[in-house]
Amino acid sequence: MAINNFEKIVFLGTGGTIAGTAASSADNIAYTAAQVGVNQLLDAVSGLSRVLGGRTLVTEQVAQIDSKDMSFAVWQQLALRVSHYLSQSDVKGIVITHGTDTLEETAFFLHAVLPASQVASKPVVLTCAMRPASSAAPDGPQNVMDAVAVAVTPGAHGVVAVCAGTLHGAVDVQKVHPYRLDAFNSGDAGPLGYVEEGAVRLVRNWPLAPVDIAQSAIENIASVTHWPRVEIVMSYAGASGAMVDALVSQGDAQRLDAAPVRGLVVAATGNGTVHHELQAALIRAQTAGVKVLLATRCASGRVLPTPGSVFPDSKGLSPVKARVALMLALLQ
Ligand code: ASP
């Protein structure tokens, strides 16, 4: 295929371990995330120009954080910058370098808010690393190369994530290991494909269908100053309703961290079962106008609604993604 030399690949840096450094190159865990800027990070990727194949590289540091500290403000800024670049006809695709801890939430957020017209024909590829940039054997450079390989693949589109040679869709991707380089999987759905020596081998179709409960226009995102407060509660042996009652009774509308709770996602046991004390408190919350959504705390699978279910389910979304979806639904 002839390559248009004016095509651009945009790199947006947000921090994470991929941009982290430790005092010693032998240290892969006691490091500080988000120390190396996106340009310096890319300078260390020796095969980058080969995989770019003559395309122009554009870089921007959107944030520089450990993704455990991801905020609504960074999400807002990131979504707007991604949308800005996607709207440019010479941009072929976008790569976002991100921490692994909340990568799945950011991927889902972008999937939910970016206009279908923009992501239907262009890819937004999140990538990351489990070892810091200072490591004697870092995984970031290969992940960056693989992300570019995805971004330049004909037909690639939608929000996806690449880690350890595996390509995941935004709806299914989940961090499943705190240490291994191959730290992500896509649960029952399985990965979208693999990146092998610069070639993408798909085993599923590119993701397209947005999740209906999560739709929110990018224009609305730009103007949000107060995000609806949605918390996650978990059901477990000996659970009580105390946390839910406390959340519902508390609230200072001016402070996000203490604003009235508008939604509760339940990380329920099994197929959406909830300890009876917690269930009673959730019914009180629902009666008081709080939206309640059931997700399963199981690592795979989804809640299958049963006749007489008291609460709606998350339509297969994990608790953290269901929270994003509910926040966006409450924005409407
Ligand atoms: N705490 C880091 C982060 O999420 C972990 C990582 O990137 O692997 O930014």
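Atoms within each ligand, like the ligands themselves, are counted from 1 in listed order.
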| request: Decide, yes or no, whether a salt bridge links Asp90 with Arg55 under the criterion of side-chain N to carboxylate O below 4.0 Å. | output: no
- Query: Is the shortest N/O to N/O distance between Lys175 and ligand 1 below 3.5 Å?
  - Reply: no
Note: heavy atom closest to atom 9 (O) of ligand 1, options Gly20, Ala129, Ser67, Pro132, belongs to Ser67
- Give a yes or no on this: more than 12 heavy atoms of other residues, nucleotides or ligands lie within 6.0 Å of atom CD1 of Ile29. no
If you scan protein heavy atoms around atom 3 (C) of ligand 1, the nearest is Asp66 OD1, 3.2 Å
Original post:
If you measure from the Lys or Arg side-chain nitrogens to the Asp or Glu carboxylate oxygens, is any gap between Asp101 and Lys68 under 4.0 Å?
Top reply: no
Nearest heavy atom to atom 1 (N) of ligand 1, choosing from Thr14, Thr97, Asp101, belongs to Asp101
Exercise. Do Arg81 and Glu60 meet the salt-bridge criterion of a basic N to acidic O distance under 4.0 Å?
Worked result: yes
Regarding ligand 1, does Thr17 bring an N or O atom to under 3.5 Å of one of the ligand's N or O atoms? yes
Partner of Val62 under side chain to side chain contact (heavy atoms under 4.5 Å, CB included), picked from Val82, Ile96, Thr97, Leu12, is Leu12
Of all protein heavy atoms, the one nearest atom 8 (O) of ligand 1 is Thr100 OG1, 2.4 Å
